[in-house]
Number of protein chains: 2
Amino acid sequence: MTDICDIIAANVRHFRGMKGISQEELAHLTDLDRTYISGIERGVRNPTIRVLEKIAIALDVDICRLISGG
Amino acid sequence: MTDICDIIAANVRHFRGMKGISQEELAHLTDLDRTYISGIERGVRNPTIRVLEKIAIALDVDICRLISGG
DNA sequence: CTGTGACTGCAAGTCCGTC
DNA sequence: TGACGGACTTGCAGTCACA
């Protein structure tokens with residue numbers, strides 16, 4: 001059973017790659033710290049739903065996409 | 001623009017009603033405090049993804065259902 | 001059975017820098 | 001460009017008494 005943070009990590013990394021932007025740029029877009037974005041993409045952070053919402057908006061995807069595997 | 005916590009609040013309340021269980025019972029199922037569940041259903045809490053996952057599992061719905069309106 | 005304010009502990013989230 | 005560490009501040013996690 002995979003931890004949900006790891007799923008989010010993979011998804012954020014994936015969709016950020018699709019957008020072709022750096023962690024730093026995503027950090028700027030979401031108004032979050034670059035090290036925090038890094039932490040999320042490594043699965044070591046357990047973000048709140050509001051943070052996830054910010055990221056989803058910045059990445060231009062539905063929040064569900066960030067959460068669900070596949 | 002509705003706050004995402006309010007959306008989650010409404011959804012948790014809705015799906016808990018569908019299950020026909022009390023906040024207290026949901027609290028027990030999720031291993032969370034009764035007053036904490038209450039706080040979420042009032043939209044005053046900004047839960048982390050792990051908390052949301054617990055609730056979704058206990059409610060037997062996909063996490064996406066808890067997040068999305070409609 | 002639920003709403004609410006207040007509280008403590010620790011994680012969320014920031015900012016510095018290095019490799 | 002991103003991983004990672006340390007120290008820091010803010011806010012959530014989790015609990016209680018009481019209405």
Side-chain angles (χ1 to χ4, degrees):
Chain A
M1 152 113 201
T2 311
D3 183 44
I4 192 162
C5 290
D6 290 328
I7 295 174
I8 291 170
N11 286 335
V12 170
R13 197 177 288 264
H14 172 74
F15 287 114
R16 180 173 63 77
M18 298 287 278
K19 265 231 152 186
I21 61 178
S22 67
Q23 289 183 350
E24 210 155 359
E25 285 170 312
L26 179 57
H28 182 69
L29 287 173
T30 52
D31 241 330
L32 293 169
D33 196 77
R34 73 186 163 78
T35 63
Y36 188 58
I37 297 289
S38 169
I40 289 177
E41 288 196 2
R42 281 179 290 130
V44 300
R45 294 287 190 163
N46 174 27
T48 61
I49 192 62
R50 279 210 249 257
V51 163
L52 236 47
E53 186 189 30
K54 276 190 188 178
I55 295 175
I57 291 173
L59 251 30
D60 235 329
V61 296
D62 198 276
I63 303 183
C64 293
R65 300 264 178 208
L66 295 184
I67 293 168
S68 48
Chain B
M1 147 111 199
T2 310
D3 183 44
I4 193 164
C5 290
D6 290 328
I7 295 174
I8 290 170
N11 286 335
V12 170
R13 200 177 284 264
H14 172 72
F15 287 114
R16 181 173 61 77
M18 297 288 278
K19 266 231 154 186
I21 62 177
S22 66
Q23 287 183 352
E24 213 157 359
E25 285 170 312
L26 178 57
H28 182 69
L29 287 173
T30 54
D31 242 326
L32 294 169
D33 195 80
R34 164 188 84 71
T35 64
Y36 186 61
I37 298 287
S38 170
I40 290 178
E41 287 195 3
R42 280 178 293 130
V44 299
R45 295 283 190 162
N46 174 24
T48 60
I49 192 61
R50 280 210 248 256
V51 165
L52 236 46
E53 187 189 29
K54 274 191 191 179
I55 295 174
I57 292 172
L59 251 28
D60 234 328
V61 296
D62 199 276
I63 303 184
C64 293
R65 299 265 179 208
L66 295 184
I67 293 168
S68 49

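Hydrogens, waters and symmetry mates are skipped; everything else that's a heavy atom, side chains included, is used. Convention: sequence-line order gives letters A, B, ...; per-chain numbering from 1.
- Stretches of at least 3 consecutive Watson-Crick or G-U wobble pairs, with each checked distance under 3.5 Å, appear in DNA chain D as C:2-19 with D:2-19.
- Under the 4.5 Å side-chain heavy-atom criterion for grouping Ile, Leu, Val, Met, Phe, Trp and Tyr, B:Ile21 is connected to B:Ile55 within one hydrophobic cluster.
- The structure places CD of B:Glu53 at 7.5 Å from CD1 of A:Ile7, a figure rounded to the nearest 0.5 Å.
- In this structure, CG in A:Leu26 is found 11.0 Å from CD in A:Glu24, a value given to the nearest 0.5 Å.
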What donor-acceptor contacts under 3.5 angstrom involve side-chain atoms of residues 36-44 of chain A, with partners at least two apart or in another chain?
from    : atom 1 : to      : atom 2 : distance (Å)
A:Ser38 : OG     : A:Arg42 : NE     : 3.2
A:Ser38 : OG     : A:Arg42 : NH2    : 3.4
A:Glu41 : OE1    : A:Arg16 : NH2    : 2.9
A:Glu41 : OE1    : A:Gln23 : NE2    : 3.1
A:Glu41 : OE2    : A:Arg16 : NE     : 2.5
A:Glu41 : OE2    : A:Arg16 : NH2    : 3.4
A:Arg42 : NE     : A:Ser38 : O      : 3.3

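- The salt bridge (Lys or Arg N to Asp or Glu O under 4.0 Å) pairs that include a residue from residues 26-40 of chain A number zero, where partners must be two or more places apart or lie in different chains.
- Taking atom CD1 of residue B:Ile8 and atom C1' of nucleotide D:dC12, one finds them 14 Å apart after rounding to whole Å.
- The heavy-atom pair separating B:Arg50 from A:Cys5 by the smallest distance is NH1-SG, 3.5 Å.
- Following rounding to the nearest Å, A:Glu41 (CD) and D:dT1 (C1') show an atom-to-atom distance of 11 Å.
- Atom P of nucleotide D:dG11 and atom CD1 of A:Ile49 are separated by 18 Å, given to the nearest angstrom.
- Here D:dG2 presents its P atom at 8 Å from CZ of A:Arg13, a figure rounded to the nearest Å.
- For the side chain to side chain donor-acceptor pair (under 3.5 Å) test, residues two or more places apart in sequence or in another chain that qualify with A:Asn46 are B:Thr48.
- A distance of 5.5 Å separates CG in A:Leu52 from CD1 in B:Ile49, rounded to the nearest 0.5 Å.
- Partners of A:Ala9 under the side chain to side chain contact (heavy atoms under 4.5 Å, CB included) rule, at least two apart in sequence or in another chain, do not exist in this structure.
- For A:Arg50 and D:dG11, the CZ to P distance is 11 Å, given to the nearest whole Å.
- If you walk DNA chain C from 5' to 3' and mark each nucleotide with an atom closer than 4.0 Å to a heavy atom of chain A, the marks span C:dA12 to C:dG17.
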For nucleotides 14-18 of chain D, print each protein N/O atom paired with a nucleotide N/O atom at under 3.5 Å, atom names and distance only.
from   : atom 1 : to      : atom 2 : distance (Å)
D:dG14 : N7     : B:Arg45 : NH1    : 3.4
D:dG14 : N7     : B:Arg45 : NH2    : 3.3
D:dG14 : O6     : B:Arg45 : NH2    : 3.0
D:dT15 : O4     : B:Arg45 : NH2    : 3.4
D:dC16 : N4     : B:Thr35 : OG1    : 3.0

Show which side-chain atoms of residues 59-70 of chain A pair as donor or acceptor with protein atoms under 3.5 Å away, not counting sequence neighbours.
from    : atom 1 : to      : atom 2 : distance (Å)
A:Asp62 : OD1    : A:Cys64 : N      : 3.0
A:Ser68 : OG     : A:Cys64 : O      : 2.7

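- Of all the residues in residues 17-27 of chain A, A:Ser22, A:Gln23 reach under 4.0 Å from DNA chain D with at least one non-hydrogen atom.
- Nearest-nucleotide positions on DNA chain D for B:Thr48 and A:Gly39 put A:Gly39 closer to the 5' end.
- In this structure, the CZ atom of A:Arg42 is 6 Å from the P atom of D:dA3, given to the nearest Å.
- Under the rule for a side chain to side chain donor-acceptor pair (under 3.5 Å), the partners of B:Glu25 that lie at least two apart in sequence or sit in another chain are B:Ser22.
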